[in-house]
Amino acid sequence: MISDIKILKRRTRIWLLLFTIGLLLSGITAFPLKIEVDLLQKIVGQGTFIESHFPDLSEWISIVHIGINQADKDYPFLFYGTDWLAFGHIVIAIAFVGPLIDPAKNIWVITFGMISCILVIPLAFICGPIRGIPFFWQLIDCSFGVFGIIPLFFARHYAKRIIKIEQSS
């Protein structure tokens with residue numbers, strides 16, 4: 001029984017670490033937005049090799065590049081919003097320390113994460129069109145929720161098994 005719980009806790013922690021690292025990276029990469037979009041423009045934007053294969057993607061990246069650079073020049077305070085977005089990701093990642101320490105006692109955090117992943121989808125499909133985001137990019141945004149829920153699903157599954165074993169002993 002004890003060895004079963006240890007194995008289940010290890011598996012749970014692996015899945016939670018995968019999710020938490022993804023959340024942290026997602027947040028941290030929101031800070032250097034202009035640098036990233038400049039690089040993306042050079043690789044994928046209009047005038048690149050990619051444009052001949054994915055013209056809509058290249059056009060969208062170029063539009064975003066122009067917008068980011070214009071905002072940086074004239075309205076740099078707008079990036080304060082993405083700083084808060086990054087901070088939010090980091091704070092949510094910190095919440096997963098509890099389940100990493102004790103998955104069974106903190107299963108509610110895992111469930112919260114799963115609900116959040118599901119809510120990414122309606123957010124993308126409601127706010128995306130309002131903000132003029134192309135449909136293919138809304139799908140990319142949805143993928144964060146779809147791929148994010150996978151490690152949480154497994155972590156929750158293992159945490160429930162831990163609870164069941166602990167209750168039966």
Side-chain angles (χ1 to χ4, degrees), residues 4-37 39-40 43-44 50 54 56-57 60-61 63-65 67-68 71 78-167:
D4 289 345
I5 289 176
K6 284 176 96 172
I7 291 167
L8 289 170
K9 281 186 177 182
R10 186 178 313 120
R11 289 178 182 171
T12 305
R13 288 178 178 130
I14 289 168
W15 286 111
L16 288 172
L17 272 172
L18 180 67
F19 178 79
T20 305
I21 289 167
L23 197 55
L24 283 170
L25 289 174
S26 187
I28 291 168
T29 58
F31 286 117
L33 190 58
K34 184 181 177 321
I35 295 166
E36 293 166 341
V37 171
L39 181 62
L40 201 56
I43 298 169
V44 182
I50 300 296
F54 302 100
D56 291 343
L57 175 63
W60 174 244
I61 296 301
I63 289 169
V64 170
H65 181 254
I68 293 288
L78 291 173
F79 294 104
Y80 193 52
T82 56
D83 295 340
W84 279 104
L85 170 75
F87 177 73
H89 279 75
I90 294 164
V91 168
I92 294 167
I94 292 168
F96 282 88
V97 171
L100 282 165
I101 294 168
D102 191 337
K105 285 185 181 174
N106 294 289
I107 194 169
W108 70 271
V109 177
I110 301 169
T111 304
F112 160 79
M114 292 175 75
I115 293 167
S116 299
C117 286
I118 292 167
L119 291 175
V120 165
I121 295 167
L123 177 78
F125 288 139
I126 292 168
C127 295
I130 292 170
R131 302 290 183 206
I133 307 300
F135 182 71
F136 70 86
W137 202 266
Q138 292 172 45
L139 293 175
I140 291 170
D141 290 337
C142 289
S143 72
F144 285 94
V146 172
F147 291 117
I149 204 168
I150 293 169
L152 293 176
F153 173 83
F154 286 108
R156 189 169 185 273
H157 171 74
Y158 293 131
K160 286 171 88 175
R161 286 179 58 190
I162 293 166
I163 292 167
K164 192 173 183 177
I165 292 169
E166 288 177 344
Q167 287 175 345

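- Closest non-hydrogen pair, Ala95 versus Val109, comes out as O-CG1, 3.6 Å.
- With a 6.0 Å radius and a threshold of 12 heavy atoms from other residues, nucleotides or ligands, Lys9 has its NZ atom above the threshold.
- Here the closest heavy-atom approach between residue His89 and residue Gly27 is recorded as CB-CA, 3.4 Å.
- Leu57 CG to Leu40 CG: the interatomic distance, rounded to the nearest 0.5 Å, is 7.5 Å.
- Minimum heavy-atom separation, Val120 to Cys142: CG1-CA, 4.1 Å.
- With rounding to the nearest 0.5 angstrom, the CD1 atom of Ile110 is 6.5 Å from the OG1 atom of Thr12.
- The salt bridge (charged side-chain N to carboxylate O under 4.0 Å, His left out) contacts involving residues 15-36 comprise Lys34-Asp38, where partners must be two or more places apart or lie in separate chains.
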Pair Ile101-Asn106, side chain to side chain contact (heavy atoms under 4.5 Å, CB included): steps then yes or no: CA-CA 9 Å; Ile101 294 168; Asn106 294 289; 5.6 Å; no

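- At a threshold of 4.5 Å between non-hydrogen side-chain atoms, the residues Trp60 and Val64 count as touching.
- In this structure, CD1 in Ile165 is found 11.0 Å from CD in Gln167, a value given to the nearest 0.5 Å.
- Atom CZ of Phe54 has 12 or fewer heavy atoms from other residues, nucleotides or ligands within 6.0 Å.
- Ring pair His157/Phe153 is parallel by interplanar angle, where below 30° counts as parallel and above 60° as perpendicular.
- The shortest heavy-atom contact between Thr20 and Ala93 is CG2-O, 3.7 Å.
- Distance check: Leu39 CG to His65 NE2 gives 10.0 Å after rounding to the nearest 0.5 Å.
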Asp141/Trp137 under side chain to side chain contact (heavy atoms under 4.5 Å, CB included): CA gap, chis, key distance, verdict: CA-CA 6 Å; Asp141 290 337; Trp137 202 266; 3.7 Å; yes

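- Not counting sequence neighbours, the partners of Arg156 by the side chain to side chain donor-acceptor pair (under 3.5 Å) test are Thr111.
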Check against side chain to side chain contact (heavy atoms under 4.5 Å, CB included), Ile121 and Val146: CA-CA 8 Å; Ile121 295 167; Val146 172; 4.1 Å; yes

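- Applying the 6.0 Å contact sphere to CZ of Phe79 captures more than 12 heavy atoms from other residues, nucleotides or ligands.
- Partners of Leu17 under the side-chain contact (heavy atoms from CB on, under 4.5 Å) rule, at least two apart in sequence or in another chain, are Leu100.
- For the atom pair NZ (Lys160) and CD1 (Ile107), the distance works out to 6.5 Å, reported to the nearest 0.5 Å.
- Taking every heavy atom of both residues into account, Ala124 and Gln138 meet most closely at O-OE1, 3.4 Å.
- The CH2 atom of Trp15 lies 13.0 Å from the CZ atom of Phe19; values are rounded to the nearest 0.5 Å.
- Counting heavy atoms of neighbouring residues, nucleotides and ligands inside a 6.0 Å radius, atom CD1 of Ile140 exceeds 12 of them.
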Verdict with reasoning, Phe96 to Leu152, per side chain to side chain contact (heavy atoms under 4.5 Å, CB included): CA-CA 11 Å; Phe96 282 88; Leu152 293 176; 3.8 Å; yes

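- Between Thr29 and Ser26, the shortest heavy-atom distance links the atoms OG1-O, 3.2 Å.
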